[in-house]
Q: 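I have a structure here, written as structure tokens, and I will follow up with some questions on it.
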Amino acid sequence: MFTDFRLKIRDFYKRNKSKILIILLIWLLIIVINFILKYYKGPQIPTTSYKPHTAIMDNTEVPKKDQESIENLIHEYIEYCNNKDYEKAYNMLSDECRENLYPTIDDFKLYIDKIFDEKKTYTIQNYSNVDNKYIYEVNIFEDILATGLTGKEDLRMYSEKFVITKENNKLSLAVRNFIGNTENHQIYEDNYIKVEITEVIQAYETQKYKVKLTNRTENTIVLADQTERYEIMLELNNENRNIENIPFGGIYLNPYETKEMEFEFVKFVDEENQAKSMIFNAVRVLKSYSGLESKRQEEMDNAVNLYSFKIAL
């Protein structure tokens with residue numbers, strides 16, 4: 001019986017050999033196609049998450065009603081700069097920005113001519129939002145459609161932060177990271193020195209304090225000469241930060257001298273850490289001061305007084 005069954009199958013195979021082979025090929029083809037569809041995802045279509053009005057620092061969003069107006073404001077300013085229409089671009093800046101960064105239009109022209117030395121284009125990205133101030137990072141680079149790339153291996157890009165402030169439903173513009181300035185009248189005085197803080201200038205990354213220093217003695221007073229680790233510091237809620245801009249030669253006062261200076265510290269406008277005081281940690285009242293390392297110890301040994309103080313902010 002088994003032999004008969006085998007003969008029937010062999011006979012069936014001989015008679016339908018071509019059909020069976022075709023079916024097998026179709027079946028294998030279906031398996032291959034299913035495998036390809038399962039593991040091959042095809043070309044990836046580029047996607048973008050570009051949201052120019054969403055802050056990259058905290059995902060807050062500029063109000064939709066202001067987005068188009070801000071775009072138009074920045075575009076108008078860039079166009080004036082490209083066209084070297086200095087006066088119109090200058091007049092777009094807030095009064096505070098002009099006063100602190102470009103007191104004269106000639107100062108502003110130098111800045112424009114350096115950045116916009118040829119036709120430039122730009123991109124914007126909201127960076128951070130603080131109260132009524134919208135901070136945008138603006139990337140300014142060569143407009144290859146206007147200038148081409150002949151003889152250039154890469155594109156030069158310049159970045160800075162524009163600050164758009166909304167007050168009374170009006171937008172004002174500040175450039176070069178400038179946020180604003182506020183009066184902050186604080187005084188410290190003793191028998192040796194009088195220190196007056198009159199104003200705070202806030203940029204995106206720094207706080208700059210306008211300080212008036214008066215020496216009340218016939219001695220030299222040294223506040224900072226980079227011979228001590230922590231000479232002038234900004235005290236925050238949970239840390240102290242050193243002064244950033246000690247001039248060459250240090251910060252010192254000759255007998256009965258008065259100086260007006262600016263002390264700069266790292267202090268981001270959008271950080272929660274708040275400034276509490278300014279610390280003068282190494283005040284040296286010296287009978288003589290040369291600034292020479294070879295005489296430093298001798299001058300310190302003959303000091304009238306060595307002390308510290310702080311001014312609440």
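Here the structure is a predicted model, which is why all the values come from computation and not from measurement. Positions are given from 1, in the same order as the sequence printed here.
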Q: Got a sec, which pairs hit side-chain hydrogen bond (donor to acceptor under 3.5 Å, both in side chains) with one end in residues 258-267, sequence neighbours left out?
A: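 Passing the test, one end in residues 258-267: Thr214-Thr258.
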Q: Looking at side-chain heavy atoms only, is the closest gap between Met278 and Phe263 below 4.5 Å?
A: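 A side-chain contact under 4.5 Å exists here.
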Q: Parallel, tilted or perpendicular: which fits the ring planes of Tyr90 and Phe108, with parallel below 30° and perpendicular above 60°?
A: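 Answer is tilted, since the angle falls between 30° and 60°.
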Q: Quick one: does any side-chain atom of Asp58 pair with a main-chain N or O of Thr60 as donor and acceptor, under 3.5 Å?
A: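 Pair found, side chain donor or acceptor close to backbone of Thr60.
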Q: Check for me whether the distance between the ring centres of Tyr289 and Tyr252 falls short of 6.0 Å.
A: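 Between Tyr289 and Tyr252, the centre distance is under 6.0 Å.
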Q: Which residues satisfy the salt bridge (charged side-chain N to carboxylate O under 4.0 Å, His left out) test with Glu299, sequence neighbours excluded?
A: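 For Glu299 there are no salt bridge (charged side-chain N to carboxylate O under 4.0 Å, His left out) partners, ignoring immediate neighbours.
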Q: Looking at Lys65 and Glu68, is there a salt bridge between them, counting it only when a charged N and a carboxylate O are closer than 4.0 Å?
A: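 Lys65 and Glu68: not salt-bridged.
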Q: Using 0.5 Å steps for rounding, measure from the OH atom of Tyr77 to the CG atom of Asn82.
A: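 If we round to the nearest 0.5 Å, Tyr77:OH and Asn82:CG are 11.0 Å apart.
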Q: Pick one: which of Asn240, Ile311, Ile232 meets side chain to side chain contact (heavy atoms under 4.5 Å, CB included) with Ile279?
A: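 Checked Asn240, Ile311, Ile232 against Ile279; only one passes side chain to side chain contact (heavy atoms under 4.5 Å, CB included): Asn240.
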Q: Could you give the distance from CG (Leu286) to CZ (Arg296), rounded to the nearest 0.5 Å?
A: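 Reported value, rounded in 0.5 Å steps: 9.5 Å.
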Q: Just verifying a value: how many Å separate Ile243 CD1 and Ile251 CD1, rounded to the nearest 0.5 Å?
A: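 The CD1 atom of Ile243 sits 4.0 Å away from the CD1 atom of Ile251.
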Q: Out of curiosity, Leu223 CG to Glu228 CD, how far, rounded to the nearest 0.5 Å?
A: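 Reported to 0.5 Å precision, the distance equals 12.5 Å.
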Q: Going by the rule salt bridge (charged side-chain N to carboxylate O under 4.0 Å, His left out), which residues pair with Asp270 if we only count those two or more places apart in sequence or in a different chain?
A: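 Applying salt bridge (charged side-chain N to carboxylate O under 4.0 Å, His left out) to Asp270 gives none.
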Q: Do the ring centers of Phe162 and Tyr136 come within less than 6.0 Å of each other?
A: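 Ring-ring flag for Phe162/Tyr136: false, centres at least 6.0 Å apart.
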Q: Assess Lys161 against Tyr127: is NZ or CZ under 6.0 Å from the centre of the six-membered ring, and within 45 degrees of the ring's axis?
A: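 Yes.
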Q: Below 30° counts as parallel, above 60° as perpendicular, anything between as tilted: where do the rings of Tyr204 and Phe268 land?
A: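 Judged by the thresholds at 30° and 60°, the geometry between Tyr204 and Phe268 is perpendicular.
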Q: Check Glu96 with Arg98, please: is the shortest side-chain N to carboxylate O separation under 4.0 Å?
A: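 So Arg98 does not pair with Glu96 through a salt bridge.
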Q: Would you call Asp66 and Lys166 a side-chain contact if the rule is heavy atoms closer than 4.5 Å?
A: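 Heavy-atom side-chain distance check passes, below 4.5 Å.
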